[in-house]
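Here's the structure we're looking at; comments come further down.
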Amino acid sequence: MTSHIADVLIPLALDTAYSYAVPDGLDLKEGDVVQVPLASREVVGVVWGLRSGQGGNLKKVTGVVDAPNLSAKMRKFLDWIAWYTLAPKGSALAMGLKLVDAERAEVVRVGVRLAGQLPKRMTPARQKVIEAAQDGVVRLKSELAHAAGVSAGVVDGLIDEGTLETVTLLQEPVAEAPNPDSGSAALSDGQQAAALELIASMAEEHPPVTLLEGVTGSGKTEVYFEAVAQAVRDGRQALILMPEIALTTQFLDRFAARFGVKPATWHSGVTGRKRERLYAAIASGEVRVVAGARSALFLPYADLGLIVVDEEHETAYKQDDGVHYHARDMAVVRGRIENASVVLASATPSIESRVNVQRGRYRHVQLPERFGGRQMPQIRAVDLRRETIPKGRWLSPTLNLSIEDTLGRGEQVLLFLNRRGYAPLTLCRACAHRYECPNCSAWLVEHRFRRSLVCHHCGHVERTPQACISCGSIDSLVPCGPGVERIAEEVAEIFPDKRCVVLSSDMLGGTERLRTELAAIADGAFDIVIGTQLVAKGHNFPLMTLVGVLDADIGLTSGDPRAAERTFQMLQQVTGRAGRGEKPGRALVQTWQPDHPVIAALVSGDAERFYEEETRVREIAGLPPFGRLASLIVSAAEREAAEAHARAMALVAQPPAGVTVLGPAEAPLALIRGRYRFRLLVKTEREVDLQAYLRDWLGRCPKVRGNARVAIDVDPQSFL
DNA sequence: AGCACGCCGACT
DNA sequence: GTCGGCGTGCTC
């Protein structure tokens with residue numbers, strides 16, 4: 001009899017699989033989920049490899065866990081992710097395995113209900129349980145205990161006494177089967193053509209990645225639903241990835257209208273037994289369509305035929321706890337491995353995706369018109385060099401006229417300024433002292449409402465001083481430049497009788513408050529909304545017909561090579577908020593540089609122009625072309641920070657051929673959440689070199705290795 | 001992830 | 001003197 005050794009990958013931050021002896025009579029396959037001893041405890045792992053050999057003094061595999069086998073494709077995917085993100089293999093596995101709690105999968109849930117008979121000994125706790133169970137409803141043990149405000153032990157005691165009886169709970173169906181031919185899809189000709197193109201792509205031997213572009217309201221969802229329907233007809237599975245916040249009832253209802261039932265959903269709110277059963281049903285192929293957040297990408301699909309990444313430009317797809325990845329890019333990779341068609345849907349596609357279209361790596365399907373005939377807002381630049389604006393004011397006469405006009409018609413105005421607080425710089429009139437952050441030397445931003453000076457870089461907060469900390473002069477501090485709070489002040493002076501609200505992440509009351517304010521705006525409770533990038537997405541404001549961008553140039557001058565791209569996307573989203581209702585919208589964009597490619601492209605509505613121009617500018621400036629840029633985020637504990645930084649700089653000073661270090665993109669060392677952090681930008685000729693370089697760099701930097709986290713940010717498509 | 005080991009501050 | 005904080009290293 002040949003004996004075997006199993007190399008078991010454990011879902012911990014370990015980069016190698018550990019070897020265990022396979023006991024005689026245990027039939028293991030690669031991908032099986034097993035239990036193994038590790039140090040003093042038992043853990044769950046996955047058989048990553050099997051080989052014959054003597055177990056010797058290796059520990060033995062304890063047993064096989066009743067969980068779906070991880071397919072070779074899935075293992076390949078996880079290996080790739082670990083390699084690409086420079087994360088330990090075990091961490092990559094953890095993303096796929098922690099989705100289901102193997103221990104709990106064994107537990108059979110039982111419900112309890114009142115059986116009648118009173119316990120021999122009555123206690124106050126038991127009394128409470130009996131009262132809570134009086135209605136005769138079958139409840140889980142834990143639920144009943146919780147309802148009665150006692151521990152589960154009391155419930156157990158009452159079961160022993162015969163006061164409560166146990167009932168095996170029926171399993172609710174985890175998800176109903178979507179019917180691809182249920183709803184009649186009333187598609188326009190344009191939509192129909194797009195849908196057919198997606199459907200045709202799914203039948204290809206090597207299904208492509210397709211960028212599905214269409215403005216809000218153009219019916220992108222209906223179009224990709226047709227591709228989903230085709231996957232279902234083909235007997236394969238479809239995954240619709242979306243940012244967690246986008247998984248709304250509205251979306252589920254639209255799905256139900258097309259497919260007769262709601263899709264299975266996978267997100268952080270799906271927990272416990274439901275999650276386990278969904279996991280199993282996805283692995284068995286029973287569940288055909290999953291709509292899910294980022295983590296749904298790591299489910300063990302039996303036969304995935306289509307991945308849709310909705311709102312592909314969303315930054316929420318970036319994940320950075322433990323393993324740093326961009327779900328959109330990983331979806332592309334998974335699609336490649338699974339031989340699935342990938343559809344990236346967006347109204348404002350990311351620059352990477354556009355460049356991939358330009359280079360012929362992705363296909364492009366466009367839906368030009370707004371469904372139902374709604375128009376894109378008309379966008380105009382306001383050249384600040386030609387406007388006369390009083391000192392301490394920021395709204396141009398041109399913009400003011402438009403605001404007045406809009407308000408006069410009873411419509412809403414959005415004023416966008418991507419700057420929190422009252423003023424971005426504070427200085428002393430007497431001695432010209434600039435208030436800077438003690439940690440990162442960024443300017444401190446005055447928050448008048450909070451009476452504080454805040455560092456937007458690291459979060460440092462200090463109380464606004466009465467007297468200048470440098471020269472002691474009283475009341476000598478002058479705010480320089482505008483923030484949203486200051487704009488609110490100006491608006492209140494010019495339009496004193498209008499209802500105005502400021503939306504920024506500083507708003508007291510958190511998400512809950514934000515939601516109510518957004519709803520109030522949609523209902524017309526305010527005339528003027530002043531907001532930071534918080535207002536760029538989400539929520540429709542049907543009454544809003546004018547968007548004023550107060551300073552479109554913010555962000556265009558920072559050292560970050562992605563600044564232009566980010567600004568373009570943000571402005572495109574913000575200006576797109578005008579005219580979502582019945583009436584057409586307009587946007588006025590105040591700028592000092594109307595000829596800047598970002599502004600010009602925005603105003604002309606010609607995104608391609610920006611991408612072409614930007615690509616050219618990057619070439620001239622020696623910046624990396626899109627998709628070949630990596631950023632390393634290294635964070636180290638305070639004690640190690642200086643050394644880690646010095647070592648990193650030393651290593652980075654002599655990169656291998658084909659790798660260029662562009663320098664730190666953030667402040668050299670910034671204290672963020674208790675850790676020192678710095679970011680390096682690296683460009684390469686070939687990404688494969690980059691991976692090798694980064695691994696080498698990590699390996700040669702032992703002080704950093706222990707407590708550094710590395711994030712890389714490159715486009716995977718370019719080296720698949 | 002756990003768990004042990006080891007090094008520094010504040011106390012029964 | 002020790003208790004215990006967490007930073008660090010190891011687990012086939």
Side-chain angles (χ1 to χ4, degrees), chain A residues 2-24 26 28-65 67 70 75 78-79 81-82 85-106 268 271 275-276 295 298 319-325 634-648 669 671-677 698-710:
Chain A
T2 48
S3 42
H4 287 282
I5 294 172
D7 293 315
V8 177
L9 190 60
I10 292 155
L12 301 176
L14 301 167
D15 202 34
T16 49
Y18 286 168
S19 305
Y20 291 88
V22 181
D24 290 342
L26 192 63
L28 283 186
K29 294 187 301 297
E30 290 185 347
D32 279 347
V33 183
V34 292
Q35 204 175 41
V36 289
L38 181 73
S40 57
R41 68 218 139 96
E42 291 278 319
V43 294
V44 167
V46 174
V47 179
W48 225 247
L50 275 175
R51 57 204 159 92
S52 51
Q54 288 305 121
N57 47 5
L58 294 176
K59 288 187 180 176
K60 287 194 176 76
V61 174
T62 318
V64 184
V65 175
L70 284 199
R75 280 177 277 132
L78 293 174
D79 272 337
I81 288 199
T85 63
L86 298 163
K89 281 189 177 147
S91 301
L93 174 63
M95 295 196 295
L97 215 59
K98 74 178 178 200
L99 298 182
V100 61
D101 191 326
E103 307 251 339
R104 234 179 9 192
E106 304 289 323
S268 58
T271 54
R275 198 175 178 92
E276 289 153 23
S295 62
F298 297 94
Q319 165 86 23
D320 61 355
D321 63 71
V323 182
H324 298 254
Y325 66 92
V634 180
S635 68
E638 186 168 355
R639 243 201 296 166
E640 314 288 349
E643 186 172 356
H645 189 246
R647 288 250 200 167
L669 280 181
L671 186 63
I672 295 169
R673 268 182 271 133
R675 313 213 90 206
Y676 277 91
R677 192 171 140 138
L698 273 182
R700 284 159 62 193
C701 204
K703 270 289 173 195
V704 172
R705 196 180 173 76
N707 40 25
R709 292 204 344 223
V710 175

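Residue numbering restarts at 1 for every chain, and letters A, B, ... go by the order of the sequence lines. Just so it is clear, the values below take in all heavy atoms, side chains as well, and ignore hydrogens, waters and symmetry mates.
Heavy atoms of other residues, nucleotides or ligands lying less than 6.0 angstrom from NZ of K60(A) number 12 at most.
Remark: side-chain polar atoms of Y20(A) are paired, donor with acceptor, to backbone N or O of P37(A) under 3.5 angstrom. E30(A) places a side-chain N or O within 3.5 Å of a backbone atom of L50(A) that can act as its donor or acceptor partner. The main-chain N or O of G53(A) is found under 3.5 Å from a side-chain atom of S3(A) such that the two form a donor-acceptor pair. Panel note: side chain K89(A), backbone L78(A); no donor-acceptor pair is recorded below 3.5 Å.
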Please enumerate all protein N or O atoms sitting under 3.5 Å from an N or O of nucleotides 10-12 of chain C, with distances to 0.1 Å.
| residue | atom | partner | partner atom | Å |
| --- | --- | --- | --- | --- |
| dT11(C) | O3' | A39(A) | N | 3.2 |
| dC12(C) | OP1 | A39(A) | N | 3.4 |
| dC12(C) | OP2 | K59(A) | NZ | 2.7 |
| dC12(C) | O3' | S19(A) | O | 3.0 |
| dC12(C) | O3' | K59(A) | N | 3.2 |
| dC12(C) | O2 | S19(A) | N | 2.6 |

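In this structure the side chain of M95(A) reaches within 4.5 angstrom of the side chain of V323(A), judged on heavy atoms.
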Exercise for review: List the steps, then state whether side-chain contact (heavy atoms from CB on, under 4.5 Å) holds for V36(A) with V43(A).
Suggested key: CA-CA 6 Å; V36(A) 289; V43(A) 294; 3.8 Å; yes
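For DNA chain B, the span of nucleotides reached by chain A at under 4.0 Å from its heavy atoms goes, 5' to 3', from dA1(B) to dC3(B).
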